[in-house]
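Take a look at the structure below.
Throughout, residue positions are numbered sequentially from 1 according to the sequence presented.
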Amino acid sequence: MEHELTDTNATEQEQETRCGFAALVGAPNAGKSTLLNQLVGAKVSIVSRKAQTTRALVRGIAIDGPAQIVLVDTPGIFKPKRKLDRAMVASALSGVADADVVALLVDARRGLDEEVEAILTQLAQAKAPKVLVLNKVDIVPREKLLALTAKLNEREKFEETFMVSALTGDGVQDLLHALAKRMKPGPWLYPEDQLSDAPLRLLAAEITREQIYERLHDELPYQSTVETDIWTNQKDGSARIEQTIYVAREGQKRIVIGEGGKTIKAIGAAARREIAEAAEQTVHLFLFVKVRENWAEDPERYREMRLDYPKGE
């Protein structure tokens with residue numbers, strides 16, 4: 001009799017397994033990448049003060065009890081002007097279309113601005129249930145938060161509202177539990193110890209790009225990109241990684257290299273530390289800078305970033 005009870009419990013445990021997709025959407029710089037990293041508990045998406053840092057869909061994998069939540073960090077939705085912009089917005093909207101739940105992240109300091117208005121218009125077409133997440137609530141007066149919550153809930157039917165600080169992690173666990181409840185019964189899609197679906201080569205390139213933005217925030221234009229060309233695991237367990245930084249003009253190349261190579265050395269040292277942590281192995285990183293004037297018109301560059309090249313143009 002006891003043996004049968006154990007089997008029943010095991011079956012119930014299997015039936016409890018849940019899995020699904022939660023899309024994080026919002027205006028550029030709302031804090032989506034910071035929130036994704038908090039929810040996963042590790043760095044899977046790059047963070048920068050520069051708007052529109054996230055370019056492709058980055059999926060982080062979080063676990064809450066029997067639920068596995070595949071969190072999709074979408075590029076910020078904004079009014080696209082260039083080809084790359086259009087590809088990023090299309091990527092963001094595809095993340096919303098495939099989601100089991102959509103979390104709209106709003107910077108509570110900026111409130112209901114033009115960018116949030118545009119996203120609300122796009123979200124009206126989404127069939128998935130939606131939750132509202134107000135970010136940076138630790139630096140906004142409570143009365144303003146309540147008024148903003150009321151205003152946003154008038155515009156769209158949100159099932160729940162969460163107030164978080166993605167930077168400190170305050171309120172993030174409550175959001176994680178709520179997302180977990182909305183996952184559908186079914187087997188997990190990824191192994192328990194996997195934190196992201198992004199290949200390490202892509203994450204390594206993104207980490208280097210983040211370090212470029214950190215050091216050259218005001219000097220280097222938005223249109224630069226990094227690709228991991230070679231990743232060789234060596235006999236001693238370390239990895240030799242070669243990456244190319246693509247810029248649009250010769251002057252930008254000089255900025256990235258810096259006087260006597262100081263800037264690129266600093267970028268390389270910081271990126272190497274973070275890549276080593278992500279890869280859990282010693283890393284030897286070699287950076288090269290190349291000028292490619294029209295890289296944003298090259299379909300191959302889009303494939304490297306896991307974006308679809310905009311057609312019909």
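Taking a 4.5 Å side-chain heavy-atom cut-off between Ile, Leu, Val, Met, Phe, Trp and Tyr, the cluster of Phe288 extends to Phe286.
Hydrophobic clustering places Val72 together with Leu189 (ILVMFWY residues linked when any side-chain heavy atoms are closer than 4.5 Å, directly or through intermediates). The hydrophobic clustering, which links ILVMFWY residues whose side-chain heavy atoms are closer than 4.5 Å, places Trp188 and Leu176 apart.
Side chain of Asn135 to main chain of Ala30: a donor-acceptor pair is present (N/O by atom type, distance under 3.5 Å, no hydrogens or angles). The closest donor-acceptor contact from the side chain of Asp229 to the backbone of Thr244 lies under 3.5 Å. Side-chain atoms of Glu242 do not come within 3.5 Å of backbone N or O of Leu287 as any donor-acceptor pair. Panel note: side chain Glu117, backbone Asp113; no donor-acceptor pair is recorded below 3.5 Å. Under the 3.5 Å distance criterion, the side-chain polar atoms of Thr228 are matched with a main-chain donor or acceptor of Arg201. Without hydrogens or angle criteria, Gln243 side chain to Ala204 main chain gives a donor-acceptor distance under 3.5 Å. Listed for the Gln38 side chain is a donor-acceptor partner under 3.5 Å among the backbone atoms of Leu167. No donor-acceptor pair closer than 3.5 Å links the side chain of Lys136 to the backbone N or O of Gly31. The main-chain N or O of Leu145 is found under 3.5 Å from a side-chain atom of Thr149 such that the two form a donor-acceptor pair.
Residues Ile245 and Ile212 are in side-chain contact: their nearest non-hydrogen atoms beyond the backbone lie under 4.5 Å apart. Looking only at side-chain heavy atoms (C-beta outward), Lys253 and Arg249 stay at 4.5 Å or farther from each other. By the 4.5 Å heavy-atom criterion applied to side chains, Val131 and Thr161 are not counted as neighbours.
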If you look only at distance, which donor and acceptor atoms sit under 3.5 Å apart when one is on a side chain in residues 264-278 and the other is two or more places apart or in another chain?
unit_1 : atom_1 : unit_2 : atom_2 : d
Glu274 : OE1    : Lys43  : NZ     : 3.1

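Between the CZ atom in Arg155 and the CG atom in Leu104 there is a gap of 10.5 Å [rounded to 0.5 Å]. Remark: Ile69 CD1 to Leu175 CG distance equals 8.5 Å, nearest 0.5 Å. Distance check: Leu134 CG to Leu105 CG gives 8.5 Å after rounding to the nearest 0.5 Å. Note that the OH atom of Tyr190 and the CD atom of Gln68 stand 8.0 Å from one another [nearest 0.5 Å].
Glu154 has no carboxylate O lying under 4.0 Å from a charged side-chain N of Lys151, or vice versa, which leaves the two without a salt bridge. The residues Glu16 and Arg18 are annotated as not salt-bridged, no charged nitrogen and carboxylate oxygen being separated by less than 4.0 angstrom. Contact check on Glu159 versus Lys130 returns no salt bridge, with no Lys/Arg side-chain nitrogen under 4.0 Å from an Asp/Glu carboxylate oxygen. Salt bridge annotation for Glu115-Arg110: present, with a cationic side-chain nitrogen under 4.0 angstrom from a carboxylate oxygen. Taking the charged nitrogens against the carboxylate oxygens, Glu160 and Arg182 do have a contact shorter than 4.0 Å, which makes a salt bridge. A salt bridge links Lys184 to Asp100: at least one charged side-chain nitrogen sits closer than 4.0 Å to a carboxylate oxygen.
When only modelled atom types and interatomic distance are considered, Asp64 and Gln173 share no side-chain donor-acceptor pair under 3.5 Å. Side chains of Asp170 and Thr168: a donor-acceptor N/O pair is absent below 3.5 angstrom, by distance only.
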For the pair Arg209 and Glu206, evaluate salt bridge (Lys or Arg N to Asp or Glu O under 4.0 Å) and give the outcome as yes or no after the intermediate values. CA-CA 5 Å; Arg209 189 161 66 92; Glu206 289 289 89; 2.8 Å; yes

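Among the candidates Ile63, Val40, Leu203, the single residue satisfying the side-chain contact (heavy atoms from CB on, under 4.5 Å) test with Leu195 is Val40.
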